[in-house]
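First up is the structure itself, then whatever we jot down about it.
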Amino acid sequence: MVGSVACLGVFMSAGALALPAYASSHSDAASYAPIDPQHMSDTMRVLASDTFEGRAPGTQGEERTVAWLIQAYQQLGLEPAGDNGGWTQTVPLLRTQVGKPSVSKVSFPSETVSLEQNKDIYFSTNQAVKLIDIAQAPLVFVGYGVHAPERGWDDFKGVDLKGKIAIFLINDPDFEATKDDAAYERFNGRAMTYYGRWTYKYEEAARRGAIGALIVHDKPGASYGWETVIAPGGESFDIVRGKKDRPVLMQGWLSGDAANKLFTAAGLDLAEERVKARQTSFSPITIHNAGFSLKVPVKHVQVTSQNVLGKITGAKRPDESVMFGAHWDAYGMSTNAQGQTIIRRGAIDDGSGIAGVLEIARAFKAGPQPDRTVVFAAWTAEERGLLGSGWYAAHPLVNLQKTAANFTMDVLQMAGPSRNGFMVGAGQNTVQDDVAAAAKKQGRTMQPEAMPERGAFYRADHLPFARVGVPVVAMMDMAGYPDLRKGGVEAGKAWLVGYMACYHQACDSWSADWDVRGAAEDVALLYTVGKDLAFSKNWPEWNHTSEFYGVRESSKAQRAD
């Protein structure tokens with residue numbers, strides 16, 4: 001990026017952004033050696049500082065972040081692993097920002113229900129338009145909006161959605177199912193499948209020609225509150241797409257109260273319709289005599305963002321690889337309800353993961369050259385829909401069919417050493433078993449994620465790699481309550497509840513009071529397993545029951561000795 005390196009020199013001379021000194025300061029704790037908690041804390045402090053402005057893609061904050069990361073990679077002695085022998089991979093993004101609507105309502109013959117942005121509705125767009133102008137579009141309730149032939153489920157029943165607004169429930173059909181419901185245990189119980197993700201619902205609406213998609217928000221089903229839904233402030237990002245891959249014109253959420261009001265006005269009971277949506281007999285409901293209207297200006301610009309990529313080339317099998325990654329982006333700057341500028345700094349989400357990537361790189365460089373190439377990735381636009389990692393998976397710079405594993409770190413805990421860890425998407429592949437065995441040597445146990453209904457396995461940068469067959473492990477400390485060595489589960493619960501109150505908010509900021517040793521244990525765990533793979537000929541495998549088994553098997557011949 002123009003000016004990035006020149007600007008960096010100014011920032012570095014100011015002292016506040018100096019890179020951590022890579023010298024050992026914590027050699028007394030075998031559970032997290034050779035990972036240094038102080039290095040990790042220093043990295044998070046820097047990335048969450050004012051100068052990085054919340055690290056939003058396509059902003060001055062990105063320029064500074066990318067320049068800082070490149071210098072960190074250089075200081076560690078890594079080789080560039082980006083486009084054309086450089087440090088970055090270009091990711092073309094569309095950034096949109098909706099303005100203040102002049103019309104936002106649903107009209108019925110006898111009444112009009114107004115929909116106030118951020119209160120009743122939250123909407124954005126991923127189309128490069130100057131105006132969203134929807135007039136009296138029909139509304140169709142599609143239940144959970146799931147088309148899953150392999151599970152004997154179809155919520156659409158051939159309904160025509162062209163030019164219409166599709167209304168979805170969040171999560172899977174069996175999220176709230178009882179034994180009397182046809183959906184019971186059909187979608188892995190309360191463990192979310194990809195069908196439960198908001199991204200799937202928008203994608204399905206677009207595939208079926210809908211002009212818009214609205215998801216009914218409820219906190220248990222979404223796993224986060226309304227404040228998280230509205231946090232982007234009408235801004236949205238997407239990769240630059242062609243006409244054949246065009247998203248819906250308007251996408252968003254309805255608050256629970258607004259949805260109930262709309263259904264009541266239509267003579268429907270939303271609670272009753274939720275129950276019906278858990279049956280295979282469910283059919284879409286066209287809300288007759290109702291029209292959705294929205295008129296709102298849109299600003300859009302195509303921006304060039306960057307994945308930052310370094311590597312250590314393998315000494316014996318350089319065409320094979322092991323990958324460690326985290327996302328560098330956060331939510332940037334925005335204006336709160338009081339008109340004040342706030343910075344959503346992303347110190348833990350995902351400054352902690354980036355700190356882990358840098359520490360693992362430092363540990364590898366301190367030892368012998370690995371047999372396989374080791375890739376260190378800092379992804380852009382994870383918070384906008386896994387866009388940077390998704391772009392890389394579609395445009396890889398190493399052979400992903402010969403990538404032994406991807407290790408992703410996203411939100412590590414800052415409450416100190418723990419007796420446990422959580423495996424997101426447990427039971428998917430053999431590398432997860434390797435992590436569990438390594439944790440045992442740390443004196444810890446790996447447990448299945450405690451809240452699988454959050455769908456964490458589908459919410460981080462490992463997912464694009466899983467979808468192309470690479471075995472993955474995601475270290476995400478949002479997945480359960482740490483059993484802390486000081487304070488036990490109650491103390492771990494207090495940490496997670498406190499953190500979730502700051503999830504995607506301005507208060508996800510660096511603190512000198514953190515005990516980063518717990519995060520360092522997690523990073524050391526992935527380093528240990530990744531190092532074993534980097535010095536071996538082993539190929540982790542997906543379990544036969546995994547949805548990703550088939551795609552990996554199709555390339556098995558490429559990994560034969």
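Keep in mind the model is a prediction, meaning the values are calculated, not measured. Only this structure's heavy atoms are used, side chains among them; waters, hydrogens and symmetry mates stay out.
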Side-chain donor/acceptor of D120 to backbone N/O of E116, under 3.5 Å: yes
Quick check: closest heavy atoms across Q97 and G233, and the distance to 0.1 Å? NE2-O, 2.8 Å
Residues M40 and L412: closest non-hydrogen pair is CE-CD1, 4.1 Å
For W539, which residues count as a ring pair (Phe, Tyr, Trp, His ring centres under 6.0 Å) partner, sequence neighbours excluded? none
Shortest non-hydrogen contact from P34 to E359? O-OE1, 4.1 Å
Is a donor from one side chain sitting under 3.5 angstrom from an acceptor on the other, for E383 and H504? yes
Heavy-atom pair of closest approach, residues F535 and D371: O-OD2, 3.5 Å
Between the side chain of D218 and the main-chain N/O of G221, is any donor-acceptor distance below 3.5 Å? yes
Does the side chain of W495 reach to within under 4.5 Å of the side chain of M414, using non-hydrogen atoms? yes
Is any side-chain heavy atom of P471 less than 4.5 Å from a side-chain heavy atom of N406? no
Can a salt bridge be assigned to the pair R278 and D172 using a cut-off of 4.0 Å between side-chain N and carboxylate O? no
Please list, chain by chain and in numerical order, all residues satisfying side chain to side chain contact (heavy atoms under 4.5 Å, CB included) with K365, sequence neighbours excluded. L78, I312
Residue pair D522 / D477: nearest heavy atoms and the distance that separates them: OD2-OD2, 2.6 Å
Test ring pair (Phe, Tyr, Trp, His ring centres under 6.0 Å) applied to F175 - qualifying residues, sequence neighbours left out: none
Between side-chain atoms of residues 455-462 and protein atoms elsewhere (two or more places apart, or another chain), which donor-acceptor pairs fall under 3.5 Å?
unit_1: Y458; atom_1: OH; unit_2: E547; atom_2: OE2; d: 3.0
unit_1: R459; atom_1: NH1; unit_2: S223; atom_2: OG; d: 2.9
unit_1: R459; atom_1: NH1; unit_2: R454; atom_2: O; d: 2.8
unit_1: R459; atom_1: NH2; unit_2: Y503; atom_2: OH; d: 3.2
unit_1: D461; atom_1: OD1; unit_2: S389; atom_2: OG; d: 2.6
unit_1: H462; atom_1: NE2; unit_2: F457; atom_2: O; d: 2.8

When rounded to the nearest 0.5 angstrom, what distance separates CG in L93 from CD1 in I239? 8.5 Å
Side-chain donor-acceptor distances from residues 484-494 under 3.5 Å, at least two apart:
unit_1: R485; atom_1: NH2; unit_2: G443; atom_2: O; d: 3.1

Just by modelled atom types, is the H39 backbone N or O under 3.5 Å from a matching donor or acceptor in the D36 side chain? yes
With side chains defined as the heavy atoms from C-beta onward, is the minimum distance between R384 and Y331 less than 4.5 Å? yes
In sequence, state the C-alpha distance, the side-chain angles, and the governing distance for T88 and L309, and then conclude on side chain to side chain contact (heavy atoms under 4.5 Å, CB included). CA-CA 6 Å; T88 63; L309 300 158; over 6 Å; no
T228 (side chain) donor-acceptor with Y224 (main chain) under 3.5 angstrom: no
Side-chain donor/acceptor of Q505 to backbone N/O of C507, under 3.5 Å: no
Considering only heavy atoms from C-beta outward, does the side chain of S334 approach that of I342 to under 4.5 Å? yes
Look at R552 together with E541 and state whether they make a salt bridge at an N to O cut-off of under 4.0 Å. no
From the options W198, W226, F168, select the one residue that forms a ring pair (Phe, Tyr, Trp, His ring centres under 6.0 Å) with H217. W226
Between the side chains of Q89 and N307, does any donor sit under 3.5 Å from an acceptor? yes
Who pairs with D238 by side chain to side chain contact (heavy atoms under 4.5 Å, CB included), at least two apart in sequence or on another chain? N126, R241, P247, L387
Measuring from atom OH of Y481 to atom OG of S418, what distance do you get when rounded to the nearest 0.5 angstrom? 15.5 Å
Sub-3.5 Å donor-acceptor pair from the side chain of W510 to the main-chain atoms of S41, do we have one? yes
Donor-acceptor pair, side chain of R151 and main chain of R186, under 3.5 angstrom: yes
Can you list every salt bridge (Lys or Arg N to Asp or Glu O under 4.0 Å) pair that touches residues 192-203, not counting sequence neighbours? none
Is it true that F548 and W542 have ring centroids separated by less than 6.0 Å? yes
Quick one: pull up CG in L254 and CD1 in I170 and give me the separation to the nearest 0.5 Å. 12.0 Å
Residue pair Q306 / T380, side-chain donor-acceptor N/O under 3.5 Å: no
Verdict with supporting geometry, W87 and Q74, side chain to side chain contact (heavy atoms under 4.5 Å, CB included): CA-CA 9 Å; W87 290 101; Q74 290 172 328; 3.5 Å; yes
Those residues at least two apart in sequence (or on a different chain) that pass salt bridge (charged side-chain N to carboxylate O under 4.0 Å, His left out) with R55 are none
Could you go through M446 and Q432, starting from their C-alpha distance and side-chain angles, then the distance that decides it, and tell me whether this counts as side chain to side chain contact (heavy atoms under 4.5 Å, CB included)? CA-CA 9 Å; M446 293 300 294; Q432 293 176 329; over 6 Å; no
Output for pair (Q413 CD, M475 CE), nearest 0.5 Å, gives 10.5 Å
Test log, rule side chain to side chain contact (heavy atoms under 4.5 Å, CB included), inputs L463 and Y194: CA-CA 10 Å; L463 179 62; Y194 188 61; 4.3 Å; yes
Separation between CE of M44 and OG of S511, rounded to the nearest 0.5 Å: 10.5 Å
Are W379 and F465 close enough that their ring centers fall under 6.0 Å? yes
Is a donor on one side and an acceptor on the other found under 3.5 Å between the side chain of Q251 and the backbone of F123? no
Do L169 and I215 have side chains that approach each other closer than 4.5 Å (heavy atoms only, starting at C-beta)? no
Enter the distance from Y527:OH to I360:CD1 here, rounded to the nearest 0.5 Å. 9.0 Å
Would you name the heavy atoms of P57 and E62 that are closest together and state the gap between them? CA-OE1, 3.2 Å
Who pairs with F237 by ring pair (Phe, Tyr, Trp, His ring centres under 6.0 Å), at least two apart in sequence or on another chain? none
Do P220 and E453 come within less than 4.5 Å of each other through their side chains, counting heavy atoms only? no
List for me each residue that meets side chain to side chain contact (heavy atoms under 4.5 Å, CB included) alongside E53, sequence neighbours excluded, and say none if there are none. Q60, R64, M333
Where the side chain of D349 meets the backbone of V411, is there a donor-acceptor pair that is under 3.5 Å apart? no
Results of ring pair (Phe, Tyr, Trp, His ring centres under 6.0 Å) for F187 - residues two or more places apart only: W153, Y195
Can you tell me which residue pairs pass the salt bridge (Lys or Arg N to Asp or Glu O under 4.0 Å) test with a partner in residues 408-437, sequence neighbours excluded? R419-D483
Would you say S546's side chain and N543's backbone share a donor-acceptor pair under 3.5 angstrom? no
Within-4.5 Å side-chain heavy-atom neighbours: L496 and M500: yes
